[in-house]
Structures are given as structure tokens and as C-alpha cells.
Enquirer: 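Shown below is the structure under consideration.
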Amino acid sequence: MSRDFRFPSHRLPELIRAPKAPVGEVRWKPRGMAGRELRLRLDLVDGPYAEFVLHVTCGDAADVTTYRAALILEGYRVRGVDFSEVERKKFYRIHISKGWHENVIDPNLPLSDANQNRHEPQPDFDPRDLEGFLREICRLWHIDLDFGEALL
């Protein structure tokens, strides 16, 4: 449990739904032999200052199953998107579904709380490449990037 996280649990969904825009330009960096990485500072379009960072990585740009994204708020990961090749269970219940899922994280809750990091299936999430993945992430987390030009 984080005692210094300044946003209460009930405000997190509101902040995720609020429109966000990049601060600076979108610049991909190489990561390993075939991967890429993007760290992008974000700010709310309308509202008080909140320090958001979008972090997107991939181990192999040609393999969509290696793509990952995290939305960080004031140094705490509050959302994430990952791909799981297999279904995972905890206490005979599905904990992580096979395929794409969104981590819904609440830094206010203790790690022992089942709602601290929920894994919600994303059946409509279907990126074909890294730019498509970034577009899906921006749609999911309400980030306004100009997709008029190629971002890769």
C-alpha cells in the first residue's frame, strides 16, 4: 500500500478517462536487437497538472505478443496492457485470461488485496503491428496523439 500516492481510489478511473496529450514529441528508441521503446510524458488536456508517463516496449517489433504498455501516474503504474499466451489460474479461478488483458492497478490498496491489480480481458484488442498497438493503447487510455503521420 502506498501512503504517498495523492490520488484516492475513486479518482483513478476519472483520471484514466480524462483526455491526455503528449508533452514533447513521439520518439521511438531501439531496444535490444529487434525491439523498440517509447517513453512519453503526458498531461491532462483540461484539468489540474498530473504527471503521466506512457511507456511502451516490445522485445521484437515483428512479434505482437512481445508488446507491452504501462500508464504511470506520479511514479506509480496504474494501468498496463500485456499478452498472455496461456490462461493462468489462482485458487481454481481464472486470474489472467489467454490473450490480451489490461492490468487495472490501484496503488492505494495493499498488495494482498485482490483488487490491487486486476487483469481484465481485452477481447477486442487486436493490434497487427507496433503502430496499431500504440493506437489501441491511446484509444483505451484516452491519449490524443496525431496519427496523421507515421509514428514509427
Side-chain angles (χ1 to χ4, degrees), residues 2 5 7 9 11-45 47 49-90 93-109 111 113-152:
S2 171
F5 188 65
F7 299 103
S9 297
R11 289 265 342 263
L12 287 174
E14 172 188 324
L15 288 166
I16 302 303
R17 283 190 308 268
K20 293 168 271 311
V23 177
E25 59 181 276
V26 177
R27 234 184 253 168
W28 290 92
K29 294 181 181 178
R31 183 173 191 238
M33 297 296 288
R36 312 276 294 276
E37 179 176 22
L38 171 69
R39 279 193 182 270
L40 186 60
R41 287 183 44 231
L42 305 169
D43 197 9
L44 295 175
V45 171
Y49 177 75
E51 182 186 340
F52 280 99
V53 174
L54 173 64
H55 187 210
V56 180
T57 61
C58 70
D60 181 355
D63 181 2
V64 296
T65 64
T66 67
Y67 299 175
R68 302 182 74 167
L71 185 63
I72 301 160
L73 175 58
E74 308 254 332
Y76 291 90
R77 185 173 180 235
V78 292
R79 294 292 185 272
V81 169
D82 300 287
F83 184 84
S84 181
E85 296 203 19
V86 296
E87 177 180 274
R88 297 182 188 165
K89 293 183 178 184
K90 258 190 191 177
R93 289 187 178 176
I94 296 173
H95 175 63
I96 301 174
S97 296
K98 181 179 179 179
W100 292 102
H101 65 272
E102 178 182 26
N103 295 76
V104 177
I105 303 161
D106 186 346
N108 295 299
L109 299 175
L111 293 175
D113 190 311
N115 290 316
Q116 197 277 337
N117 184 359
R118 294 187 328 269
H119 298 79
E120 296 185 356
Q122 296 294 313
D124 296 333
F125 197 91
D126 189 26
R128 302 285 181 209
D129 57 20
L130 194 53
E131 184 173 342
F133 181 73
L134 182 58
R135 286 177 188 268
E136 290 283 334
I137 293 299
C138 289
R139 178 192 56 77
L140 186 64
W141 295 334
H142 306 277
I143 300 168
D144 183 19
L145 289 183
D146 181 13
F147 286 101
E149 301 176 16
L151 295 174
L152 304 174

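No hydrogens, no waters, no symmetry mates; every other heavy atom, side chains included, goes into these values. On a predicted model such as this, the values are computed, not experimentally measured, just so you know. Along the sequence shown, residues are numbered consecutively beginning with 1.
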Enquirer: Between Leu140 and Gln122, is any pair of side-chain heavy atoms under 4.5 Å apart?
Expert: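 Yes, their side chains come closer than 4.5 Å.
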Enquirer: Are Val23 and Phe52 close enough, and set up right, to give a side chain to side chain contact (heavy atoms under 4.5 Å, CB included), and what steps lead you there?
Expert: CA-CA 10 Å; Val23 177; Phe52 280 99; over 6 Å; no
Enquirer: Using the rule given for side-chain hydrogen bond (donor to acceptor under 3.5 Å, both in side chains), can you reason through Trp141 versus Glu102, listing the C-alpha separation, both sets of side-chain angles and the distance that settles it, and then say yes or no?
Expert: CA-CA 11 Å; Trp141 295 334; Glu102 178 182 26; 2.8 Å; yes
Enquirer: How far apart are the closest heavy atoms of Ser9 and Asn108, and which atoms are they?
Expert: N-ND2, 3.2 Å
Enquirer: What is the distance from atom SG of Cys138 to atom CG of Leu145, rounded to the nearest 0.5 Å?
Expert: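 One gets 4.0 Å once the value is rounded to the nearest 0.5 Å.
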Enquirer: Any side-chain heavy-atom pair from Leu42 and Leu71 closer than 4.5 angstrom?
Expert: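 Yes, at least one pair of side-chain atoms sits under 4.5 Å.
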Enquirer: Val56 versus Trp28: any side-chain heavy-atom pair under 4.5 Å?
Expert: yes
Enquirer: Strictly by modelled atom types, are Thr66 and Asp60 linked by a side-chain donor-acceptor pair under 3.5 Å?
Expert: no
Enquirer: If I compare all heavy atoms of Arg77 with all of Pro107, which pair ends up nearest, and what's the gap?
Expert: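 Where Arg77 meets Pro107 most closely, the heavy atoms are O-CG, 4.3 Å.
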Enquirer: Under the salt bridge (Lys or Arg N to Asp or Glu O under 4.0 Å) rule, collect the residues that match up with Arg68, sequence neighbours excluded.
Expert: Asp82
Enquirer: As a quick check of understanding, evaluate side chain to side chain contact (heavy atoms under 4.5 Å, CB included) for Tyr76 and Ile105, giving each step before the final call.
Expert: CA-CA 9 Å; Tyr76 291 90; Ile105 303 161; over 6 Å; no
Enquirer: Which atom pair, heavy atoms only, marks the closest approach of Ser84 to Ile96?
Expert: CB-CG2, 3.9 Å
Enquirer: When the ring centroid of Phe133 is compared with that of Trp100, is the distance short of 6.0 Å?
Expert: yes
Enquirer: Which heavy-atom pair separates Asp113 from Asn115 by the least distance, and what is that distance?
Expert: OD1-N, 2.7 Å
Enquirer: Rounded to the nearest 0.5 Å, what's the gap from CZ on Arg128 to CZ on Arg135? Could you check?
Expert: 14.5 Å
Enquirer: As an exercise, state the distance from CD of Gln116 to CG of Asp106, rounded to the nearest 0.5 Å.
Expert: 7.0 Å
Enquirer: Below 4.5 Å, heavy atoms only, C-beta onward: do Ile137 and Phe125 meet side chain to side chain?
Expert: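 Side chain of Ile137 against side chain of Phe125, heavy atoms only: contact under 4.5 Å found.
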Enquirer: What heavy-atom pair brings Ser97 and Pro121 nearest, and what distance separates the two atoms?
Expert: OG-CG, 3.5 Å
Enquirer: Donor-acceptor pair, Lys20 side chain versus Ala18 backbone, under 3.5 Å?
Expert: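 Yes; judged by distance alone, with no hydrogens or angles, the pair exists.
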Enquirer: What's the spacing between Arg79 CZ and Leu12 CG if we round to 0.5 Å?
Expert: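 Atom-to-atom, Arg79:CZ and Leu12:CG are 6.5 Å apart.
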Enquirer: Measure from the side-chain N and O atoms of Glu74 to the backbone N and O of Glu51, and report whether any donor-acceptor pair falls under 3.5 Å.
Expert: yes
Enquirer: Between His101 and His119, how do the two ring planes meet: parallel, tilted or perpendicular, split at 30° and 60°?
Expert: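 Ring orientation, 0 to 90° scale: tilted.
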Enquirer: State whether Arg41 and Asp43 are salt-bridged, where the test is any N-O pair (Lys NZ or Arg NE/NH1/NH2 against Asp/Glu carboxylate O) under 4.0 Å.
Expert: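 Between Asp43 and Arg41 there is no salt bridge, as every charged N stays at least 4.0 Å from the carboxylate O atoms.
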Enquirer: What is the distance from atom CG of Asn117 to atom CG of Asn103, rounded to the nearest 0.5 Å?
Expert: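 Result: 4.5 Å between the selected atoms.
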Enquirer: Kindly compute the distance separating CG (Leu73) from CG (Leu15), expressed to the nearest 0.5 Å.
Expert: 6.0 Å
